[in-house]
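Numbers here are sequence positions counted from 1.
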Amino acid sequence: MRQILLSLLVSIPLVACSTKETPGHDHAKAASTQAPAAAPPPAPTPHDQAASTRPHADHNPRHGGLVTMEGDNHVEVVVGADGAIDLYASDAVRTPIPPKDVTGTITIEPKGKGQKQTLTLAPNEAKGSLSAKGPAPDKADYTWDLKVRGAPMKMTLTVPAGGTASLVDAPAEHPAGDHAHGSPHGGVVQSLAGGHVEVKLEKTGDITVWMLDAAEKLRSAKGVKASLRPVVAGSKEVELAYDEKADVLRGKIDPVKQDHVDGVLSITPAGGTATSIRFAFHLEGHAGAGHDGHGHDGHGHDGHTGHEGH
C-alpha cells in the first residue's frame with residue numbers, strides 16, 4: 001500500500017507540469033474561447049490630469065451652477081428658478097469642504113421691485129451644501145458673505161430670471177455645444193439672438209465687446225446697451241459705453257490679478273430683449289485673451305463647463 005501511495009504522489013506533479021500537447025491541439029481556437037481580458041480604464045487626458053492635481057486648474061461646476069474663487073477656496077453657487085439657494089464649498093483642488101466647516105449669509109437685492117433681504121445659510125448634509133430659500137430670482141444681486149474654514153469669502157453675482165441655469169445654458173438660437181466658436185479679436189465668443197457677441201477682458205481691466213453676425217463677422221454695436229459684472233470680490237457692475245469710431249462697446253474695471261475670471265454680461269441688442277450671458281476668461285500668460293471652458297484659445301461657448309470667477 002505504501003508503495004502505491006508513493007507512486008501516486010510522484011505521478012501527479014508529472015501530469016500537472018507536463019507540456020506535451022495532445023494531437024490536434026488548436027492554439028487559435030483555444031484563445032478564442034477564453035474570456036477576454038478586461039479593458040483598462042481610459043487614461044486621463046492631459047487637461048483632466050492637470051485639473052485633478054493643480055490648485056485652481058479645475059473650474060467646472062459639479063451642480064450646474066457658477067463656480068467662484070477667493071484665496072484657496074471655491075464656492076459653486078446654484079440659484080433655482082423657485083428661489084432655492086445652494087452653495088457648495090471646495091478647496092484649491094476642488095475637494096468638497098463639509099458644510100459644517102462653512103458659515104455665513106446671503107443677501108438678495110432686487111434691481112427692480114422687491115425688498116432687500118439677508119438669509120442665514122444652513123448646512124444641508126444630504127446635499128453637501130449651505131442652503132436657503134429666497135424669492136424666485138428676477139435680476140437680483142446675490143451677495144454671499146462666508147467663513148470657509150475661518151477664511152472670509154464675499155462676492156456678488158447678478159442672477160437673472162430663471163436662476164443660475166440661465167447663465168449656464170447658452171441663449172438664443174444655438175444651444176450649448178451646437179457649434180464651435182472662433183475668436184476674431186482674441187476674446188471669448190458666445191451665441192446671441194441673431195448672431196454672436198465677443199468679449200475681451202485684459203489684465204489691465206479693459207473690456208471690449210464686439211457684436212458679430214451668425215458667421216462671426218463684425219456687425220454694428222450702435223444702440224446696444226450692456227454691462228459686465230466680473231465675479232471678483234468687491235467688483236461692481238460696469239456700464240459699457242459705445243465707441244463710435246471703433247464701433248464697439250468699452251468699459252474698464254480694476255486691473256485683474258487672477259488668472260481665471262468669470263463675468264456676467266447683461267446685454268440688450270438694439271431692438272432686442274435683455275439677456276444675461278456668462279463668460280469665462282483664462283488670462284494666464286496672456287495680456288487678456290479669452291479661452292473656453294476647455295482651455296482652447298478663443299472658444300468661449302462653455303455653457304456646461306463653467307469656470308471660477310475669482
Side-chain angles (χ1 to χ4, degrees), residues 58-70 73-90 94 96 99 102 104-112 114 116-119 121-122 124 127-146 148 153-172 175-177 188 190-192 199 227-233 235 237 260-267 273-281 292-293 300-310:
D58 177 6
H59 301 141
N60 296 323
R62 304 282 194 271
H63 309 278
L66 185 81
V67 182
T68 65
M69 186 188 84
E70 185 173 356
N73 294 319
H74 297 82
V75 170
E76 181 176 353
V77 182
V78 181
V79 180
D82 62 350
I85 303 166
D86 295 297
L87 275 67
Y88 299 86
S90 55
R94 298 299 305 284
V102 186
T105 61
I106 190 160
T107 299
I108 306 169
E109 187 172 3
K111 290 183 176 291
K116 177 178 177 179
Q117 57 179 305
T118 298
L119 306 173
L121 294 161
N124 186 324
K127 287 185 175 181
S129 66
L130 286 181
S131 303
K133 182 63 184 296
D138 187 10
K139 198 173 185 183
D141 283 346
Y142 284 67
T143 302
W144 53 98
D145 191 349
L146 307 177
V148 182
M153 187 169 186
K154 185 175 183 179
M155 290 193 188
T156 299
L157 174 67
T158 302
V159 179
T164 48
S166 299
L167 302 175
V168 174
D169 294 331
V188 181
Q190 286 269 32
S191 295
L192 185 67
V199 181
S227 61
L228 182 76
R229 179 191 284 278
V231 190
V232 178
S235 291
E237 192 165 17
H260 309 278
V261 178
D262 263 24
V264 176
L265 179 74
S266 297
I267 184 167
T273 56
T275 304
S276 293
I277 311 173
R278 181 191 57 170
F279 286 81
F281 304 98
D292 72 353
H301 207 50
D302 62 334
H304 295 290
T305 58
H307 295 264
E308 278 79 344
H310 322 348

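- Interatomic distance, CD of Glu237 versus CG of Asp141, reported as 7.0 Å (0.5 Å rounding).
- Nearest heavy atom pair, residue Ile108 against residue Ala140, reads CG2-CB, 4.0 Å.
- Gln190 places no side-chain N or O within donor-acceptor distance of the main-chain N or O of Ile277, the cut-off being under 3.5 Å.
- Between Pro61 and the choices Val78, Val67, Leu66, the side chain to side chain contact (heavy atoms under 4.5 Å, CB included) rule is met once, by Val67.
- Here the NE2 atom belonging to His74 is positioned 14.0 Å from the CG atom belonging to Leu87, to the nearest 0.5 angstrom.
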Passes side-chain contact (heavy atoms from CB on, under 4.5 Å), His63 versus Asp86? Steps please. CA-CA 9 Å; His63 309 278; Asp86 295 297; over 6 Å; no
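- The OG1 atom of Thr107 lies 7.5 Å from the CG atom of Leu119; values are rounded to the nearest 0.5 Å.
- Side-chain N or O atoms of Ser266 include none that pairs as donor or acceptor with a backbone N or O of Ser227 at under 3.5 Å.
- Considering all non-hydrogen atoms of both residues, Arg278 and Gly65 come closest at NH1-O, 3.9 Å.
- Here the closest heavy-atom approach between residue Arg94 and residue Asn60 is recorded as NH1-O, 2.9 Å.
- Separation of atoms OG1 (Thr158) and CG (Leu265) is listed at 11.0 Å; rounding is to 0.5 Å.
- Note that the CD1 atom of Ile106 and the OG1 atom of Thr156 stand 9.0 Å from one another [nearest 0.5 Å].
- The shortest non-hydrogen separation linking Ser276 to Val264 is CB-CG1, 4.3 Å.
- The shortest heavy-atom contact between Ala89 and Val148 is CB-CG1, 4.4 Å.
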Checking side-chain contact (heavy atoms from CB on, under 4.5 Å) for the pair Ile85/Tyr142: CA distance, chi angles, key distance, verdict? CA-CA 10 Å; Ile85 303 166; Tyr142 284 67; 3.9 Å; yes
Could you give me the CA-CA distance, side-chain angles and deciding distance for Met69 and His260, then say whether side-chain contact (heavy atoms from CB on, under 4.5 Å) is met? CA-CA 9 Å; Met69 186 188 84; His260 309 278; over 6 Å; no
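- Leu146 CG to Leu121 CG: the interatomic distance, rounded to the nearest 0.5 Å, is 6.5 Å.
- Screening Val77, Leu130, Thr105 for a side chain to side chain contact (heavy atoms under 4.5 Å, CB included) with Trp144, the sole residue that qualifies is Val77.
- Between the side chain of Glu76 and the backbone N or O of Tyr88 there is no donor-acceptor pair closer than 3.5 Å.
- Within 6.0 Å of NZ on Lys111 lie more than 12 heavy atoms contributed by other residues, nucleotides or ligands.
- In the displayed structure, Lys154 atom NZ is contacted under 6.0 Å by at most 12 heavy atoms of other residues, nucleotides or ligands.
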